[in-house]
Amino acid sequence: MFLAKGLVVDIDGTITYRDRSINCSAVEALRKVKIPVILATGNISCFARTAAKLIGVSDIVICENGGVVRFSYDGEDIVLGEIGKCLKAAEILKEQFEVEFLDVEYRKSEVCLRRNFSIEEARRALEHTGLDVRIVDSGFAYHIMDAGVSKGKALEYIASELGISTKDIAAIGDSENDLDLIRAAGLGIAVGDADKKLKMEADVVVSKKDGDGVVEALELLGLINPF
């Protein structure tokens, strides 16, 4: 049995259904967990903090795919990524694709774009720009990120600040942007409908989808009583 001292859980597609509505069974289960629960998301800080408050877990959040972290609801955003080069990359993509920005006024470390063009073609377009960025697909949007940040590196930063090892933390996710997160954690878990790449990297793949998979994972970890 893996003895977790902390738990980090992705939000969209993991705690939520594919239509982004919350899975109440997952919320109820997470409220029973006695160790710190960290939410991780590609979304912005105010969204993550509100979700943490509503779900009833710790105020510690990983936002913008690891480009921003926050340790308390009333604290300050700690920005780990450089947004300038992400904006330059987006301008390059605008020359080839119909680019639609999402949440542009709220993002501090990355650029978020609607999924209305080929991500593989976009990656090729950015390959030789020298901007040191990467573009990932969360399943809900494309994110142009500082190549030096990820959810996994953000988890390492948080664990160091809390004085615990990432190897004592379990992580649950569903999509490509959770790969670094489950690699950094001591135990990486993919929900049943997760991205194929994530399933290949995960230590454990549960059978149930999205939030029901989260409940299954918590039971396997011994963090909640299945009866």
Side-chain angles (χ1 to χ4, degrees), residues 2 4-16 36-45 47-48 60-71 77-83 85-86 89 107-113 115 119-120 122-123 126-127 131-162 164-191 193-206 210 213-214 217:
F2 181 82
K5 296 180 180 178
L7 176 70
V8 56
V9 188
D10 172 60
I11 299 178
D12 288 327
T14 304
I15 298 174
T16 73
V37 176
I38 301 162
L39 295 185
T41 180
N43 220 310
I44 56 179
S45 175
F47 171 91
I60 306 171
V61 290
I62 297 170
C63 323
E64 298 188 27
N65 294 299
V68 175
V69 299
R70 195 174 180 117
F71 285 91
D77 287 339
I78 300 169
V79 181
L80 304 176
E82 182 187 333
I83 195 171
K85 54 188 171 183
C86 302
R107 292 192 178 264
K108 300 179 178 181
S109 72
E110 65 166 28
V111 173
C112 187
L113 306 174
R115 299 168 76 245
I119 193 169
E120 293 304 329
R123 283 170 175 158
L126 297 175
E127 192 173 2
L131 288 174
D132 196 31
V133 298
R134 59 194 180 108
I135 180 167
V136 300
D137 185 358
S138 68
F140 298 91
Y142 294 153
H143 301 258
I144 303 176
M145 304 167 51
D146 183 331
V149 302
S150 68
K151 287 184 180 180
K153 289 182 179 177
L155 180 62
E156 291 171 359
Y157 181 91
I158 288 170
S160 175
E161 291 294 312
L162 295 178
I164 61 175
S165 170
T166 55
K167 299 308 174 187
D168 294 323
I169 299 174
I172 309 173
D174 78 298
S175 65
E176 179 186 338
N177 66 336
D178 297 319
L179 277 167
D180 291 318
L181 184 66
I182 67 166
R183 288 169 181 159
L187 187 74
I189 303 171
V191 292
D193 54 343
D195 179 89
K196 289 181 181 178
K197 292 179 183 177
L198 192 78
K199 286 183 174 182
M200 290 176 64
E201 293 272 356
D203 300 300
V204 176
V205 180
V206 294
D210 49 68
V214 172

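Predicted model, so just to flag it, every value in this text is computed and none were measured.
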Are R123 and E120 within salt-bridge range, i.e. N to O under 4.0 Å?
yes

Please test I11 against T16 for side chain to side chain contact (heavy atoms under 4.5 Å, CB included), starting from the C-alpha separation and ending with a verdict.
CA-CA 6 Å; I11 299 178; T16 73; 4.1 Å; yes

Would you call K108 and E64 a salt bridge, taking side-chain N to carboxylate O under 4.0 Å as the test?
no

Should D137 and R115 be marked as a salt bridge (Lys or Arg N to Asp or Glu O under 4.0 Å) after you check the CA-CA gap, both sets of side-chain angles, and the distance that decides it?
CA-CA 8 Å; D137 185 358; R115 299 168 76 245; 2.8 Å; yes

Looking at every non-hydrogen atom in both residues, tell me the closest pair between I144 and A89 and how far apart they are.
CG2-CB, 3.9 Å

V149 and N65: side chain to side chain contact (heavy atoms under 4.5 Å, CB included), yes or no, with the steps?
CA-CA 8 Å; V149 302; N65 294 299; over 6 Å; no

Considering all heavy atoms of both residues, which atom of A171 and which atom of A185 are nearest to each other, and what is their separation?
CB-CB, 3.6 Å

So which heavy atom on S150 is nearest to which on R134, and how close?
CB-NH2, 3.2 Å

Sub-4.5 Å side-chain heavy-atom contact between L198 and L179
yes

Show, in sequence, the C-alpha distance, side-chain angles and deciding distance for V61 and T41, and conclude whether the side chain to side chain contact (heavy atoms under 4.5 Å, CB included) test is met.
CA-CA 8 Å; V61 290; T41 180; over 6 Å; no

Taking the side chain as every heavy atom from C-beta outward, state whether R107 and H143 have any atom pair closer than 4.5 Å.
yes

Do other residues, nucleotides or ligands put more than 12 heavy atoms under 6.0 Å from K5 NZ?
no

Let me confirm one number: the CD-CD distance from E110 to E82, rounded to the nearest 0.5 Å.
14.0 Å

I119 versus V136, closest heavy-atom pair with distance:
CD1-C, 3.8 Å

Provide the closest heavy-atom pair for D174 versus D12 in the form atom of the first, atom of the second, distance.
OD1-O, 3.1 Å

